[in-house]
Protein chains: 2
Amino acid sequence: MKLSKTAEYALRIMNYMAIDEQKLYTTTELFENLNIPFRYLRKLMIKLSKSEILTSVQGKHGGYRIARKSLEISLLEIIHATGEDPVGNVCFFGFEKCAFVEKCAIHEKWTLVRDNINQVLSKTTLAEIKGSESTSFIKNNISILT
Amino acid sequence: MKLSKTAEYALRIMNYMAIDEQKLYTTTELFENLNIPFRYLRKLMIKLSKSEILTSVQGKHGGYRIARKSLEISLLEIIHATGEDPVGNVCFFGFEKCAFVEKCAIHEKWTLVRDNINQVLSKTTLAEIKGSESTSFIKNNISILT
DNA sequence: TTCAAATAACACCTAAAGGTATTATTAATG
DNA sequence: CATTAATAATACCTTTAGGTGTTATTTGAA
């Protein structure tokens, strides 16, 4: 199970910004701490700020701020804010109509797999993962990242 | 959880070919039954036949045949034969070294998710899913597929 | 021994994700 | 009210997965 780069970036951003929910973060600060290409980061921030998880403040002392309590923001919601759906409701074999016609033989098993992923992503909130572990991880390891 | 198109194609192919493990299948027959672009299918068959799951027979009455008992072929092995790894051992946030340094806060949960996927894909064999359900599904629905 | 029907190989095209560059807009502050 | 530091918008470039086209090779059989 690999998320898209964009989804990973969004999760890094939100995880970092959840450290201080009041603070306005500039893209420059995020760039310096999260190892995301600067211009791509800026584009992504604009996209995320159009969802319900981030707000933007324009102007000289502007930046971005988490829009709601981190306790209320699920990881799935963050990924959805990027425009992606990591789980979906798709046939294992990639057929369009599987669930609506005769179920393929792995349909049940695969549904359980997807349910599991959905559970973890939708029930885990930013508040749960923003702990010092992950933040110290990011700060300590930025240098070894590509 | 979405597999790549290529992985889905490989699974369709193997699932179909498992119906008769002795039979030589031509790409034409597979094409007519599995809704995979013809030339892409041919390219993929060559790739798969270089793995341990398919053998090819060249020449006039050639084709492809499942290389081993379907009971011994796991879904994960099929996906691996396409050159992909759907699960991997990657950090949730996409950092390179996560598991080897300080674990990020969601690391444990995410490991369980991946384990679950791995279990299903590696423990489920072709033999289990090749039942009439899925085959009749494919045959009945080919017309509604793109 | 030639033809036909199959796979094999190689090169190229297309669409989408990821990434870059440039210019416009906003708003605090000297 | 001009400057500056931030976000917003738009367009373009690059890489890769997916898909296509053409030619070569293999092999059974008329």
Side-chain angles (χ1 to χ4, degrees), chain A residues 2-13 17 23-32 34-51 53-67 79-86 88 93-94 96 145-146, chain B residues 2-13 17 23-32 34-51 53-67 79-86 88 93-94 96 145-146:
Chain A
K2 291 170 191 158
L3 298 171
S4 71
K5 286 262 187 201
T6 303
E8 289 174 351
Y9 292 163
L11 290 161
R12 288 188 204 174
I13 292 163
M17 291 179 66
K23 181 175 171 181
L24 270 185
Y25 291 86
T26 64
T27 50
T28 300
E29 171 174 1
L30 296 172
F31 168 71
E32 287 168 349
L34 296 177
N35 196 49
I36 301 169
F38 186 63
R39 291 164 198 285
Y40 195 71
L41 172 61
R42 286 220 300 220
K43 192 156 77 172
L44 182 53
M45 292 308 289
I46 293 169
K47 186 169 203 174
L48 294 181
S49 69
K50 285 174 178 160
S51 73
I53 64 176
L54 278 189
T55 57
S56 72
V57 176
Q58 287 196 2
K60 179 152 183 182
H61 291 132
Y64 297 93
R65 179 187 288 123
I66 286 192
I79 298 170
H80 282 165
T82 70
E84 296 174 16
D85 181 359
F93 294 103
E96 293 294 331
L145 301 172
T146 314
Chain B
K2 291 171 191 158
L3 298 171
S4 70
K5 286 262 186 202
T6 303
E8 288 174 352
Y9 292 163
L11 289 161
R12 288 188 204 176
I13 292 164
M17 292 179 67
K23 181 174 172 182
L24 269 184
Y25 291 86
T26 64
T27 51
T28 301
E29 173 174 0
L30 296 172
F31 167 72
E32 288 168 348
L34 296 178
N35 195 47
I36 301 170
F38 186 62
R39 293 167 196 285
Y40 196 70
L41 172 61
R42 288 221 299 222
K43 191 155 79 170
L44 182 54
M45 292 308 287
I46 294 170
K47 186 169 204 174
L48 295 180
S49 68
K50 286 175 178 161
S51 72
I53 65 175
L54 279 189
T55 56
S56 72
V57 175
Q58 287 195 1
K60 180 152 183 181
H61 292 131
Y64 298 92
R65 180 187 288 124
I66 284 192
I79 298 170
H80 282 164
T82 69
E84 296 172 19
D85 181 358
F93 293 103
E96 293 293 331
L145 302 173
T146 315

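Residue numbering restarts at 1 for every chain, and letters A, B, ... go by the order of the sequence lines.
At the heavy-atom level, A:Lys47 lies nowhere under 4.0 Å from the strands shown. Counting any heavy atom pair closer than 4.0 Å across all strands shown, B:Tyr64 reaches sugar-phosphate atoms only and no base atom. Residue A:Ser4 is classed as a sugar-phosphate contact, given heavy-atom separations below 4.0 Å to backbone atoms only.
Along DNA chain C, the nucleotide closest to A:Pro37 and the one closest to B:Gly63 are compared, and the more 5′ of them pairs with B:Gly63. The residue among A:Val57 and A:Lys5 whose nearest nucleotide of DNA chain C is located toward the 5' end is A:Lys5.
With contacts defined as side-chain heavy-atom distances shorter than 4.5 Å, the pair B:Met17/B:Leu30 qualifies.
Contact between the side-chain N/O atoms of B:Tyr40 and the OP1/OP2 oxygens of D:dA17 is not found at any separation under 4.0 Å. B:Ser56 has a side-chain polar atom (N or O) that falls below the 4.0 Å cut-off from OP1 or OP2 of C:dA8.
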Would you tabulate the pairs of protein nitrogen or oxygen atoms and nucleotide nitrogen or oxygen atoms of nucleotides 24-26 of chain D closer than 3.5 angstrom?
from	atom 1	to	atom 2	distance (Å)
D:dT26	O4'	B:Gln58	OE1	3.0
D:dT26	O2	B:Gly59	N	3.3

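When the P atom of C:dT25 is taken as reference, atom CZ of A:Arg42 falls 16 Å away, rounded to whole Å.
Within a 6.0 Å sphere centred on NZ of B:Lys47, heavy atoms belonging to other residues, nucleotides or ligands number 12 at most.
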Distance-only criterion, 3.5 Å: show the donor-acceptor pairs between side-chain atoms of residues 56-66 of chain A and protein atoms not counting sequence neighbours.
from	atom 1	to	atom 2	distance (Å)
A:Arg65	NE	A:Gln22	O	2.6

